[in-house]
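Below is one structure, written out as structure tokens; comments come after it.
Each ligand, and each atom within it, is numbered from 1 in the order the structure gives.
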Amino acid sequence: MSTNVAAKTYMNYVNGVWKESTSNETIASYNPANKHEVVGNVQNSTREDLEEAIQAAKQAEKSWKKLSGAERGNILFSVANILENNLDEIAETMTNEMGKTLPEAKGETARGVAILRYYAGEGMRKVGDVIPSTDSSALMFSKRVPLGVVGVITPWNFPVAIPIWKMAPALIYGNTVVFKPATEAAVTAAKVVECFEKAGVPEGVINLVTGKGSVIGQGLADHSDVNAVTFTGSNQVGKNIGSSVAARGGKYQLEMGGKNPIIVAEDCDIDLAVDAAISGGLKSTGQKCTCSSRVIVQSSIYDTFKERLLQKVAEIKVGNGLDSDTWMGPCASEGQYNTVRKYVQIGIEEGAQLIYGGDEPQSDGLRNGYFVNPTIFEGVTSSMTIAQEEIFGPVLALMKVDTVEEAIDLANDVEYGLSASIFSKNIDSILSFIDDIEAGLVRINSETAGVELQAPFGGMKASSSHSREQGEAAKEFFTTVKTVFVKG
Ligand SMILES: NC(=O)C1=CN([C@@H]2O[C@H](COP(=O)(O)OP(=O)(O)OC[C@H]3O[C@@H](n4cnc5c(N)ncnc54)[C@H](OP(=O)(O)O)[C@@H]3O)[C@@H](O)[C@H]2O)C=CC1
Ligand SMILES: O=C(O)CCC(=O)C(=O)O
């Protein structure tokens, strides 16, 4: 493990105390825009550290769940205010640590603030229903109660918003949390947890344990005192976590990949569709599970669409996310960079035509980062790897079809079903799309990415474990129901 002495070292947060791992080892987190710069060091934790955190969370749940929803909500309102006051610093850390541009990082942090306020308000809303009993002298009602200890395992691509959209609902409904962030975004995660500490969240209610996924993530999945696990990340890891938690009777929720299509119908506003393909496919360097990666275009407008797309993509400025003129930052890590390069090569070998990018920007200032240019393939068919597998990079695959029906069939011809969009002015095409598309997020004349915190979020098919996150849907996952029968 490498520790950089010049960079700050961040501790675990266990039972209200910032503490070192029993391993006495740290892991350095590097800036993907400059691989020689260490953003911070985080603890390389052990199962012993995790055990302490889980027991602290178990103990704390007894009193946390006894607070009223309004009391827990007031604490979350304070966390929101503290996060808002530290927005610039946290966003800058995010940009340094995983590469997204500063405006995107600020937008995401502001979204974290809004999510916290939404769930803080949830503390004043109902947690049950009165149900008429067949016995006229009895009172029957349902009451939602917390699950207990929740393990939160998150990825690096939304290092503020995803942890908050899992932890805020877990906490407001009375659960306690053990949080294992992605190692590549663990410094940002520590700064988010500092906001919870400063807001006075009682000891043990939220615990941060950084370290390897195979040790800490798997440890959460296996531990019988962890009542539920919520995960966002890759399909492979998600499936393993799901089966580990299910094997011991725990509850789990998985949000995983996407291979999201955007259908460009011949009657659409082509400029709008071009903007959506670029924004939905290339923002955040294509590292969103909701990113558009397949652009399915009707043949009658294909050439016009392609020409305008190429014109606009040529205007994209790749660079360090902190520079104000950068539109697209680096890949988040060497691993992601290698993955993108690998898929570009596979695309070429399988016969797709590379019509833009596929290489790296040549500017001297970018030599030390994991930069790639936006990339466009055409002549992509559904059997090709780049039409089937999640790349998680700035790569668009253009596919040509004759009809909207053909487009919808092609759109559905993947194992994933997270988000899908159509650009059309024809109400029949739009209604068929809404009915027939296999996706949890169905977007009309709007890009595939972009999630609203008050609405259910999740996918069909291999994209999720069929549950939904965010909005009121979170209540389903983070609580269980008691049916109470009272006879006087
Ligand atoms: N749906 C989405 O939003 C995301 C999808 N992905 C997809 O996954 C690919 C790989 O990205 P990657 O970061 O490796 O995603 P992972 O699924 O490996 O990581 C997600 C989280 O799971 C943890 N983890 C890793 N291995 C295990 C394990 N064996 N048991 C329990 N937890 C584990 C990670 O910890 P640690 O960081 O320590 O490894 C991280 O906290 C991407 O290229 C992309 O296709 C990635 C991120 C988000
Ligand atoms: O599109 C978004 O805002 C959310 C994307 C997301 O949840 C993810 O990439 O994991």
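Residue-level proximity to ligand 1 for Pro181 is carried by the backbone, the only part with a heavy atom below 4.0 angstrom. If you look at Lys288 next to ligand 1, there are no close heavy atoms at all, none under 4.0 Å. For Phe158, no heavy-atom contact with ligand 1 is shorter than 4.0 Å.
Annotation: Pro155 places no N or O atom under 3.5 Å from an N or O atom of ligand 1; distance criterion only. Considering backbone and side-chain N/O of Trp156, one or more are found under 3.5 Å from N/O of ligand 1. At under 3.5 Å, not a single nitrogen or oxygen of Ile391, backbone or side chain, sits near a nitrogen or oxygen of ligand 1. On a distance-only criterion, Cys289 and ligand 2 share at least one N/O pair closer than 3.5 Å. Considering backbone and side-chain atoms together, Lys288 places no N or O closer than 3.5 Å to any N or O of ligand 2. For a threshold of 3.5 Å applied to N or O pairs, the pair formed by Ser234 and ligand 1 contains at least one separation below that value. Any N or O atom pair closer than 3.5 Å counts here, and Thr183 shares at least one such pair with ligand 1. Taking only nitrogen or oxygen atoms, main chain and side chain alike, Ile153 does not reach within less than 3.5 Å of ligand 1.
In this structure, Lys251 satisfies the cation-pi test against Phe477, with its NZ or CZ atom closer than 6.0 Å to the six-membered ring centre and inside 45 degrees of the ring normal.
Each of the following atoms of ligand 2 lies closer than 4.0 Å to a heavy atom of Arg111: 2 (C), 3 (O), 4 (C). For ligand 1, the atoms lying closer than 4.0 Å to a non-hydrogen atom of Thr232 are 1 (N), 2 (C), 3 (O), 20 (C). The Ile241 neighbourhood of ligand 1 comprises atoms 31 (C), 32 (N), with distances under 4.0 Å to a heavy atom of that residue. Under a 4.0 Å criterion applied to the non-hydrogen atoms of Phe231, ligand 1 contributes the atoms 17 (O), 20 (C), 21 (C), 22 (O). Those atoms of ligand 2 that come under 4.0 Å of a heavy atom in Phe457, given as number and element, are 7 (O).
If you check each of Ile27, Val237, Thr154 against atom 21 (C) of ligand 1, the one with the closest non-hydrogen atom is Thr154.
Using a distance-only test at 3.5 Å, with no hydrogens or angles considered, no donor-acceptor pair links the side chain of Thr95 to the main chain of Leu322. With hydrogens and angles ignored, the 3.5 Å screen pairs no side-chain donor or acceptor of Lys35 with any backbone N or O of Tyr370.
At a distance under 4.0 Å, a protein heavy atom can be found next to atom 43 (O) of ligand 1.
In terms of protein heavy-atom proximity, atom 39 (O) of ligand 1 is closest to Gly213 N, 4.0 Å.
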I'd like to know whether Glu84 forms a salt bridge (charged side-chain N to carboxylate O under 4.0 Å, His left out) with Arg117, so could you lay out the CA-CA distance, the side-chain angles of the two residues, the decisive distance to 0.1 Å, and finally the verdict. CA-CA 11 Å; Glu84 194 168 45; Arg117 290 190 176 135; 2.7 Å; yes
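Residue contact check for ligand 2: Trp165 places a non-hydrogen atom closer than 4.0 Å to it.
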